[in-house]
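Heads up, the thing below is written out as C-alpha cells.
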Amino acid sequence: MGDPCGIGPEIVALQWLAPQAPGTVVVGSAAVMRRAVVALAGRHPQAAKLLVWSVRTETRPAAQGTPGPGASAAAPIVVPVWEPDGLPEGLEALPWGQIDAQAGAAAALCAREGAALVQRGRARALVTAPLHKESLSLAGEAFPGHTELLQALATPEGQPLVPVRMMLANHELRTVLVSIHVSLRQALDAVTFDNVLATVRITHQSFLKMGFERPRIAVAGLNPHAGEGGLFGDEELRVIIPALDAARAQGMNVTGPLAPDTVFMRARHAPPEHPGEFDVVVAMYHDQGLIPVKYLGVAHGVNVTLGLPFVRTSPDHGTAFDLAGTGRADPSSLTEAMHVARQLAASG
C-alpha cells in the first residue's frame with residue numbers, strides 16, 4: 001500500500017475499479033485501505049462499491065459506512081488485504097500528507113512482507129506503491145528506498161549484496177542507472193569500471209529474459225559531449241570506454257559512450273516517424289536517466305528493479321502528499337506497473 005499518509009492506498013484501491021486487480025492482494029492495513037475508499041468516494045462514486053477484506057483476520061468483508069451513489073447497482077467489489085504481523089496501531093488516524101515515523105515503519109514492514117510472499121512462492125510479483133524516504137528514515141530504516149531494501153532482502157545472509165539496478169520505462173524510452181539514490185558527488189565516484197560493466201551486464205541479462213534476442217544497449221557519457229576526447233573530463237577514456245570494451249568482448253551489443261544530451265532522443269521509440277535506435281539507455285546517474293523518461297509523461301512510467309530474483313515494479317512517482325486524501329491522484333502509473341509486473345512474471 002506504500003506510505004499510509006500518501007496517495008498509495010488511494011491509487012491501489014482504484015485498481016479494483018479497473019481490470020487490473022484480479023489475482024491481486026494488497027499488503028497493508030485494512031483500516032488504512034478503508035479510509036482510502038472513503039476518501040475516493042467523492043470523486044469516484046463507484047468506489048462506494050469497494051469492500052475491504054482483511055484476509056487474515058476477518059471471515060467476511062467489512063462494510064465501509066454510508067453507501068454512495070450507485071453503490072447498490074452491482075455486487076460489491078472486494079479488495080483483499082493481507083495484514084502483516086506487527087503493523088503499528090492507529091495508522092488510519094495519521095494526518096494525510098504528513099511525514100511520520102509510524103507511516104515509514106508500516107511502509108517498510110509491508111515491503112518486507114510482500115517480498116517474503118513472493119520469495120515463498122505465494123505470489124508471482126511485487127508491485128510497490130510509493131513510500132516517503134524521510135518517513136522511512138524517521139522509522140530508523142537504514143535504506144533510502146524500496147530498491148535498496150529489496151536488494152538486502154534478496155541477498156543471502158553473509159553474502160555480498162545482490163547487484164541490482166533501477167530501470168525506468170514508458171512506452172517510448174527505457175533507461176537503466178549506474179547509481180541510484182546518492183548525492184551527485186557520490187554518483188561521480190560511482191562511475192567505475194566495475195559499476196559500469198555490471199550495469200551493462202545486468203541490463204543485457206534482464207532484457208534477454210524479457211525476450212529481446214540481442215538487446216541494443218546505448219551508454220550515455222558522464223560529461224558534456226561524452227568528454228569530447230578528454231577536453232571536458234576523462235572519465236569516458238579512463239573508465240567507461242574500457243568497461244564497454246569488456247562488455248563487447250563478452251558478447252553484448254553495446255554502443256557508446258554517447259553524448260548525454262542526444263542519446264535519449266536517439267533511443268526514443270515513437271513509430272512510425274521515429275523508431276528508436278536502441279532498446280535501452282544506460283545512464284551514469286539518477287537525474288541524467290530519469291529526467292528524459294519523466295518528461296515524456298509520468299502517467300505511464302514504470303520503475304523496474306533489474307537483478308532481483310523476483311519481479312518488482314512500481315509507479316515512477318512519489319507519495320504526492322499534496323494530493324493525499326483528496327481522491328484526485330492519477331492511478332495510471334500504478335496501473336501500468338501492475339501490467340508490466342504481470343508481463344514480466346509470465347515471461348519467467
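Since this is a predicted model, take the numbers as computed values, not measurements. Sequence positions, counted from 1, serve as the residue numbers for this chain.
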Do [X] side-chain atoms and [Y] backbone N/O form a donor-acceptor pair below 3.5 Å?
X: Glu10; Y: Met33; answer: no
X: Lys294; Y: Asp316; answer: yes
X: Ser206; Y: Thr203; answer: no
X: Gln288; Y: Gly221; answer: yes
X: Glu148; Y: Pro144; answer: no
X: Glu228; Y: Pro224; answer: no
X: Thr199; Y: Asn195; answer: yes
X: Trp96; Y: Gly6; answer: no
X: His286; Y: Val182; answer: no
X: Thr155; Y: Val162; answer: yes

Sub-4.5 Å side-chain heavy-atom contact between [X] and [Y]:
X: Leu117; Y: Val27; result: yes
X: Leu126; Y: Leu150; result: yes
X: Asn253; Y: His204; result: no
X: Met284; Y: Val196; result: yes
X: Lys133; Y: His181; result: yes
X: Pro257; Y: Glu236; result: yes
X: Thr335; Y: His339; result: no
X: His146; Y: Ser314; result: no

[X] [atom1] to [Y] [atom2] distance, which is reported to the nearest 0.5 Å:
X: Leu131; Y: Asp3; atom1: CG; atom2: CG; result: 7.0 Å
X: Thr175; Y: Leu168; atom1: OG1; atom2: CG; result: 8.0 Å
X: Ile7; Y: Thr326; atom1: CD1; atom2: OG1; result: 9.0 Å
X: Phe212; Y: Ile217; atom1: CZ; atom2: CD1; result: 10.5 Å
X: Cys5; Y: Arg35; atom1: SG; atom2: CZ; result: 6.0 Å
X: Gln102; Y: Leu87; atom1: CD; atom2: CG; result: 10.5 Å

Minimum heavy-atom separation for [X] and [Y], please, with both atom names.
X: Pro260; Y: Ala226; result: CD-N, 3.8 Å
X: Glu58; Y: Trp53; result: O-NE1, 2.8 Å
X: Leu208; Y: Glu213; result: CD2-O, 3.6 Å
X: Gly8; Y: Pro130; result: CA-CD, 4.3 Å
X: Cys110; Y: Gly28; result: SG-CA, 3.5 Å
X: Ala198; Y: Arg165; result: CB-NH2, 3.7 Å

side-chain contact (heavy atoms from CB on, under 4.5 Å) evaluation trace for Thr24 with Met338 | CA-CA 9 Å; Thr24 304; Met338 294 178 68; 3.7 Å; yes
Might you confirm whether atom CZ of Arg185 has over 12 heavy atoms from other residues, nucleotides or ligands at distances under 6.0 Å?
->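 No.
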Between Ile77 and Leu17, does a side-chain contact (heavy atoms from CB on, under 4.5 Å) hold up when you go through it step by step?
-> CA-CA 8 Å; Ile77 303 170; Leu17 298 182; 3.9 Å; yes
Are [Y] and [X] linked, directly or through intermediate hydrophobic residues, by side-chain heavy-atom contacts shorter than 4.5 Å (ILVMFWY only)?
X: Val176; Y: Leu308; answer: no
X: Met252; Y: Met167; answer: yes
X: Leu306; Y: Val219; answer: yes
X: Val200; Y: Leu222; answer: yes
X: Leu177; Y: Val282; answer: no

Does the salt bridge (Lys or Arg N to Asp or Glu O under 4.0 Å) test come out yes or no for Glu336 and Arg342, once each step is laid out?
-> CA-CA 10 Å; Glu336 189 66 21; Arg342 284 196 170 89; over 6 Å; no
Val304 vs Met166, side-chain contact (heavy atoms from CB on, under 4.5 Å): CA-CA, chis, key distance, verdict = CA-CA 6 Å; Val304 183; Met166 175 190 288; over 6 Å; no
Taking the six-membered ring for Trp, are His132 and Phe321 parallel (under 30°), tilted (30 to 60°) or perpendicular (over 60°)?
->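 Ring orientation, 0 to 90° scale: parallel.
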Could you point out which residue of Val25, Thr57, Val52 forms a side-chain contact (heavy atoms from CB on, under 4.5 Å) with Val81?
->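 The option that passes is Val52.
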Side-chain donor-acceptor pair present, Ser183, Gln186, cut-off under 3.5 Å =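 The answer is yes; a qualifying pair exists.
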Examine the side chains of Thr192 and Asp194 and answer whether a donor and an acceptor come within less than 3.5 Å of each other.
->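 Result is no, nothing qualifies.
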Look at Glu113 together with Arg122 and state whether they make a salt bridge at an N to O cut-off of under 4.0 Å.
->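 Salt bridge: no.
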Audit row: Leu334, Val12, side-chain contact (heavy atoms from CB on, under 4.5 Å) steps and yes/no | CA-CA 8 Å; Leu334 179 63; Val12 167; 3.8 Å; yes
Give the table of side-chain donor-acceptor pairs shorter than 3.5 Å for residues 269-281, with sequence neighbours excluded, one pair per line with atom names and distance.
unit_1 : atom_1 : unit_2 : atom_2 : d
His269 : ND1    : Gly276 : N      : 3.1
His274 : ND1    : Arg268 : O      : 2.8
His274 : NE2    : Met265 : O      : 3.3
Glu277 : OE1    : Arg266 : NE     : 3.4
Glu277 : OE1    : Arg266 : NH2    : 2.9
Glu277 : OE2    : Arg266 : NE     : 3.2
Asp279 : OD1    : Arg216 : NE     : 3.4
Asp279 : OD1    : Arg216 : NH2    : 3.0
Asp279 : OD2    : Arg216 : N      : 2.7
Asp279 : OD2    : Arg216 : NE     : 3.4

